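Worth saying up front: this structure is predicted, and the values here are computed from it rather than measured. Each ligand, and each atom within it, is numbered from 1 in the order the structure gives. Positions are given from 1, in the same order as the sequence printed here.
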Amino acid sequence: MTKIEALLDGCGWKAGEAVPYSALCAVFERIEAVTGRLEIQEMLRGFFATVIALTPDDLEACVFLACNQVAPDFEGVELGVGESLLIKAIMQVTGRSVETVKAQYAEEGDLGRVAQRSRGKQSTLSFAARPKPLTVKRVLEVYRSLATTTGTKSQDKKVGSIKGLLVAAAGPEAKYLVRGLQGKLRIGLAKQTVLVSLAQAVITQPPKLPEQEKLEAGVALVKQAYSECPSYSELVGAMLCAPMDALLERCHLKPGLPVAPMLAKPEKSIAKVMARLSGQLVTCEFKYDGERSQIHLLPDGKLRFFTRNSEEATSKYPDLIPVMQAAAGEGVTSYVLDSEVVAIDRTSGQLLPFQVLSTRKRKDETVDDVKVQIVIQAFDLLYLNGRSLLQEPLQARREALHAAFKESPGHFGFAISLDYQENGDTEPIEAFMAEAVKGNCEGLMVKTLTHNATYEPSRRSLNWLKLKKDYLDDGSSVADSLDLVPIGAYYGRGKRAGAFGAYLLACYEPDAEEYQSVCKIGTGFSNERLLALDAMLKAHVIERKPSYFNVGDTIEPDVWLEPCKVWEVRAADLSKSPVHKAAVGKVDPVRGISIRFPRLVRERDDKAPESATSADQILDMYRSQDCIKNNGAFHAAATAEDEDDWEL
Ligand SMILES: Nc1ncnc2c1ncn2[C@@H]1O[C@H](COP(=O)(O)OP(=O)(O)OP(=O)(O)O)[C@@H](O)[C@H]1O
């Protein structure tokens with residue numbers, strides 16, 4: 001009997017019976033106790049495999065609860081229930097006073113543990129007739145109803161539903177219920193692991209374990225299916241009822257489900273771009289300074305807009321609905337279009353920078369109240385009239401885009417582009433870059449047109465390169481800014497005393513599913529901004545450093561922060577560091593990479609912490625610095641100097 005089988009055996013769950021919530025919580029307990037990703041993955045795989053064997057109908061609910069989600073990301077349904085409601089429910093179920101619950105919370109730093117402790121003590125005193133044990137389906141049902149309960153008396157109704165769950169909870173169930181309702185399970189389980197474990201559970205169904213290669217191909221297939229069709233309901237349904245080879249036939253791009261967008265790699269100079277694309281036919285497009293928008297026309301005529309993060313943004317753009325209706329040509333019945341929405345001054349026709357766009361309301365805008373005018377710059381077409389174009393080369397997708405839509409100046413346009421057969425002459429590109437900058441664009445996107453030119457959902461591909469003007473001649477050795485996550489804070493001194501004055505920043509390493517520290521930052525913040533951040537981030541202070549933070553032993557910020565924000569940061573250069581851990585193990589067994597002279601550029605509300613700059617991106621940036629490639633001596637000197645600088 002495997003470890004997981006032994007664990008689940010104790011839950012008394014038999015074939016055909018609803019999956020007990022206690023079984024899932026037993027797995028959560030084990031996951032919380034270990035830190036190794038592979039061990040976590042294997043445990044979850046074992047659990048999903050058991051669910052498939054005993055009660056496959058409950059697999060979808062198990063996946064949602066493991067991700068602590070009630071609906072696909074793009075539906076934007078938030079599960080988070082306010083702490084005051086949870087405290088009220090705990091008080092009412094356990095008969096404790098608000099002071100007792102709050103005091104325990106302050107002591108424990110974890111409301112989930114408070115609930116578990118209170119329920120644990122109480123259950124020995126009362127509840128001779130305990131309500132029916134919880135099942136995963138029941139818990140998910142209640143979560144979904146909580147997320148959608150609105151209107152009068154909604155608070156009382158929510159407290160009532162939470163009480164219903166807590167009364168029926170036994171053992172660690174109360175802890176995970178409360179943490180789940182707060183929005184974070186805090187067991188170090190990333191969504192990628194859930195996906196990989198799910199894929200492995202389906203692929204490794206008896207009678208025979210497939211060989212490693214087949215397993216990897218299967219996991220890649222599931223990841224591809226999920227990036228085209230990011231809905232666990234559809235994915236689980238398809239995985240359970242069709243052979244894996246046919247997964248993409250059932251789970252594929254369709255209007256209404258946002259595709260994870262294709263991303264670009266940064267380059268520091270036109271010469272480097274040319275070297276990468278040597279001899280190829282490429283297209284250079286203006287790199288517009290706005291917000292990415294994936295626009296879907298569903299066969300029922302509804303238009304939906306999604307952000308770079310696959311969140312629904314339709315209510316932000318009511319003024320774009322008539323624009324898109326007018327832009328689609330005759331015979332267009334459904335599509336998925338990739339574009340940048342940019343602020344524009346309609347009088348002069350001049351595009352305006354992102355800062356102007358960011359002042360627009362984030363949702364529920366009304367046409368009459370729109371203050372910032374916008375234009376859509378379309379650059380790709382992924383789906384048209386019932387057919388996916390993902391496998392077509394860009395040249396064909398662009399032809400389809402131009403044939404199916406018509407431009408309307410100031411409202412809808414195609415990305416301005418220059419096709420170029422690489423021949424070593426960089427002059428046309430330099431001139432085109434100057435034109436882009438004059439047009440208030442950030443620089444150029446350079447894309448392969450005919451070979452290796454398919455659309456690669458969610459991939460940061462070498463077939464799309466970005467060249468940002470600001471980074472071409474800024475004297476630094478990095479080609480792009482970094483998007484980093486604050487994971488710790490330091491109280492300020494002097495003028496900044498009393499509030500956080502500096503932060504510890506980290507990148508995200510998706511393979512190890514951990515945040516790795518990159519630098520300390522205190523530059524680029526106005527005093528007002530520091531105060532506002534202090535007020536906002538205090539709510540995200542966590543008791544102790546979680547196991548999924550990888551930072552040097554000497555780093556001890558005054559407080560640790562739950563990952564919740566992404567900040568764009570500009571750096572002078574990157575070098576190896578004795579204290580920071582970005583890309584550790586990839587460039588050196590114990591040292592990581594750090595950045596010098598970090599300066600805050602802006603907050604990135606359109607990115608989730610897990611979409612922050614990855615360790616591999618930092619490694620790429622580090623390796624592509626000329627000083628690393630050409631001059632070991634410079635690097636050695638910089639490293640020695642930085643060791644002193646960065647002792648925090
Ligand atoms: N012609 C274009 N083709 C593709 N993307 C474009 C184009 N013009 C503007 N963009 C924008 O540029 C973005 C890529 O570059 P940028 O580094 O500015 O974005 P990011 O969100 O910080 O980084 P990344 O998307 O690479 O993580 C795209 O996601 C898109 O929003």
Is it possible for you to check whether R397 lies under 6.0 Å from the centre of the six-membered ring of Y383, through NZ or CZ, and within 45° of that ring's axis?
no
Pairs touching residues 334-356 that satisfy salt bridge (charged side-chain N to carboxylate O under 4.0 Å, His left out), sequence neighbours left out:
R292-D338
Going by side chain to side chain donor-acceptor pair (under 3.5 Å), name the pairs with one or both residues in residues 316-328, residues two or more places apart or in two chains.
E291-K316, E291-Y317, D319-R360
N/O donor to acceptor pairs below 3.5 angstrom from side-chain atoms of residues 441-453, sequence neighbours left out:
unit_1 : atom_1 : unit_2 : atom_2 : d
E442   : OE1    : K287   : NZ     : 2.7
K447   : NZ     : E285   : OE1    : 2.7
T448   : OG1    : N452   : O      : 2.8

Any Lys/Arg nitrogen of K586 or D620 sitting under 4.0 Å from an Asp/Glu carboxylate oxygen of the other?
no
Sort out for me which residue in M324, H296, Q294 forms a side-chain contact (heavy atoms from CB on, under 4.5 Å) with L337.
M324
Every pair of nitrogen or oxygen atoms between ligand 1 and the protein that is under 3.5 angstrom apart - can you list them with their distances to 0.1 Å?
unit_1   : atom_1 : unit_2 : atom_2 : d
ligand 1 : 1 (N)  : E285   : OE1    : 2.9
ligand 1 : 1 (N)  : F286   : O      : 3.1
ligand 1 : 3 (N)  : K447   : NZ     : 2.9
ligand 1 : 8 (N)  : Y288   : N      : 3.0
ligand 1 : 12 (O) : K287   : NZ     : 3.1
ligand 1 : 15 (O) : K287   : NZ     : 3.1
ligand 1 : 17 (O) : K466   : NZ     : 2.4
ligand 1 : 17 (O) : K468   : NZ     : 3.2
ligand 1 : 18 (O) : K287   : NZ     : 2.6
ligand 1 : 18 (O) : K468   : NZ     : 3.4
ligand 1 : 21 (O) : R308   : NE     : 3.1
ligand 1 : 21 (O) : R604   : NH1    : 3.4
ligand 1 : 21 (O) : R604   : NH2    : 2.9
ligand 1 : 22 (O) : R604   : NH1    : 2.5
ligand 1 : 23 (O) : K466   : NZ     : 3.3
ligand 1 : 25 (O) : R308   : NE     : 3.1
ligand 1 : 25 (O) : R308   : NH2    : 3.2
ligand 1 : 26 (O) : R460   : NH1    : 2.7
ligand 1 : 26 (O) : K466   : NZ     : 2.6
ligand 1 : 27 (O) : R308   : NH2    : 2.7
ligand 1 : 27 (O) : R460   : NH2    : 2.9
ligand 1 : 27 (O) : K607   : NZ     : 3.0
ligand 1 : 29 (O) : R292   : NH1    : 3.0
ligand 1 : 31 (O) : E340   : OE1    : 2.5

